[in-house]
Amino acid sequence: MTNSRNLLLIFTRNPVLGKCKTRLAATIGDPAALEVYKFLLGHTANITHGLNVHKKVYYSESIWKNDVWDEKVYEKKVQQGNNLGERMAQAFSKGFNQGFEKIIIIGSDMLDLSPSDLENAFSALDENNFVIGPAEDGGYYLLGMKIFKPQLFQNKDWGKDTVLADSMADLQTEKISVLTTKNDIDVYEDIKDIDAFQPFLKQP
């Protein structure tokens with residue numbers, strides 16, 4: 001039985017050749033980049049599956065059946081909006097309108113994320129209205145809130161290294177918990193020294 005007042009949003013790209021991890025693919029090729037992304041999807045499913053919260057997976061293009069996201073565990077949706085900010089805002093807004101009290105969003109490209117990280121993030125919202133997980137590239141790997149703040153999703157250069165700083169500026173007067181900085185997987189340098197990715201880099 002899940003805690004119906006806590007909601008985890010997982011934003012994911014449909015794992016299609018040539019359409020995911022394009023910056024990584026520029027170095028290792030589309031087939032290897034697709035396999036890396038499928039591996040990361042599996043990892044994200046593994047670390048979120050047992051969490052005692054409601055879970056929604058938001059696909060980039062269309063809902064897939066019989067994939068890593070078990071339909072008995074994850075509610076499946078399609079992202080709506082013209083850019084990442086609009087799509088995240090829509091997902092958060094819908095969640096709050098449905099009565100959820102704590103909502104956290106993550107992507108699906110974080111190897112360095114564990115169930116306890118997510119549990120700690122939800123716990124941080126006991127004493128704070130917002131929680132954010134800074135990424136090493138100047139973005140964030142996690143964002144959570146108890147009150148909807150539309151400014152967080154507006155006037156950002158999504159995908160650029162200014163997103164975290166601009167988001168923190170929006171939150172400077174708020175009660176916020178800042179988590180440990182982590183590295184998401186975007187380019188070859190992010191994976192070249194990690195053992196788990198070596199099989200994908202040795203493909204002919």
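All residue numbers refer to positions in the sequence shown, counting from 1.
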Exercise. Taking atom CG of N155 as the centre, does the number of heavy atoms from other residues, nucleotides or ligands within less than 6.0 Å exceed 12?
Worked result: no
Exercise. Is the closest side-chain heavy-atom distance between F11 and R87 below 4.5 Å?
Worked result: yes
Exercise. Quick check: are there more than 12 heavy atoms from other residues, nucleotides or ligands sitting under 6.0 Å from NZ of K76?
Worked result: yes
Seminar exercise, completed: Tracing side-chain contacts under 4.5 Å among Ile, Leu, Val, Met, Phe, Trp and Tyr outward from L34 reaches L17
Exercise. Taking atom CG of L9 and atom NZ of K77, what is their separation to the nearest 0.5 Å?
Worked result: 11.5 Å
Exercise. Is there a side-chain contact between Y37 and I185 (heavy atoms, below 4.5 Å)?
Worked result: no
Problem set entry | Spacing of NE2 belonging to H43 relative to OG belonging to S114, to within rounding of 0.5 Å | 8.0 Å
Problem set entry | Aromatic plane relationship, F96 with F148 - under 30° parallel, 30 to 60° tilted, over 60° perpendicular | tilted
Seminar exercise, completed: Sequence neighbours excluded, the answer for side-chain contact (heavy atoms from CB on, under 4.5 Å) partners of K146 is K102, L125, N129
Exercise. Is a side-chain donor-acceptor pair under 3.5 Å present for Y140 with D184?
Worked result: no
Exercise. If you look at every heavy atom in L201 and I28, which pair is closest and at what distance?
Worked result: CD2-CG2, 3.8 Å
Problem set entry | From CG (L113) to CD1 (I47), nearest 0.5 Å | 4.0 Å
Exercise. Near E189 CD, under 6.0 Å, is it more than 12 heavy atoms from other residues, nucleotides or ligands?
Worked result: yes
Exercise. Of the non-hydrogen atoms in A45 and W69, which two are nearest, and what is the gap between them?
Worked result: CA-CZ3, 3.6 Å
Exercise. Can you check side-chain contact (heavy atoms from CB on, under 4.5 Å) on I176 and V131, steps first, answer last?
Worked result: CA-CA 5 Å; I176 176 174; V131 59; 5.9 Å; no
Exercise. Is it true that K182 and D117 make a salt bridge, defined as a side-chain N closer than 4.0 Å to a carboxylate O?
Worked result: yes
For this session: Quick one: do F153 and L143 satisfy side-chain contact (heavy atoms from CB on, under 4.5 Å)? Show the steps, please.
Result: CA-CA 11 Å; F153 307 107; L143 178 67; 3.9 Å; yes
Problem set entry | Minimum-distance pair of heavy atoms, taken over all atoms of N14 and S62 | ND2-O, 2.8 Å
Exercise. At their closest point, which heavy atom of A121 faces which heavy atom of L179, and how far apart are they?
Worked result: CB-CD1, 4.0 Å
Problem set entry | Cationic N near anionic O, under 4.0 Å, D186 to K21 | yes
For this session: Please check if the distance between the ring centroids of F197 and F39 is under 6.0 Å.
Result: yes
Exercise. Are M110 and L40 close enough that some pair of their side-chain heavy atoms sits under 4.5 Å apart?
Worked result: no
Exercise. So, Q154 and K149: side-chain donor and acceptor under 3.5 Å apart, yes or no?
Worked result: no
Problem set entry | Rounded distance [0.5 Å steps], CG in D109 versus OG1 in T44 | 7.5 Å
Exercise. Between E61 and R13, is there a salt bridge with N-O shorter than 4.0 Å?
Worked result: no
Exercise. Do side-chain atoms of H54 reach the backbone of N6 as a donor and acceptor pair under 3.5 angstrom?
Worked result: no
Seminar exercise, completed: On a heavy-atom basis, the closest approach of N66 and E71 is N-OE2, 3.8 Å
Enumerate donor-acceptor pairs with a distance under 3.5 Å from any side-chain N or O in residues 158-171 to protein atoms, sequence neighbours excluded.
{"unit_1": "S167", "atom_1": "OG", "unit_2": "V163", "atom_2": "O", "d": "2.7"}
{"unit_1": "D170", "atom_1": "OD2", "unit_2": "K156", "atom_2": "NZ", "d": "2.6"}

Problem set entry | Minimum heavy-atom distance between Q198 and I194, given as atom pair plus value | NE2-O, 3.0 Å
Exercise. Any link between V36 and V187 through a network of hydrophobic side chains (Ile, Leu, Val, Met, Phe, Trp, Tyr) touching at under 4.5 Å?
Worked result: no
Exercise. Does the side chain of S108 come under 3.5 Å of the side chain of Y58 through a donor N or O and an acceptor N or O?
Worked result: no
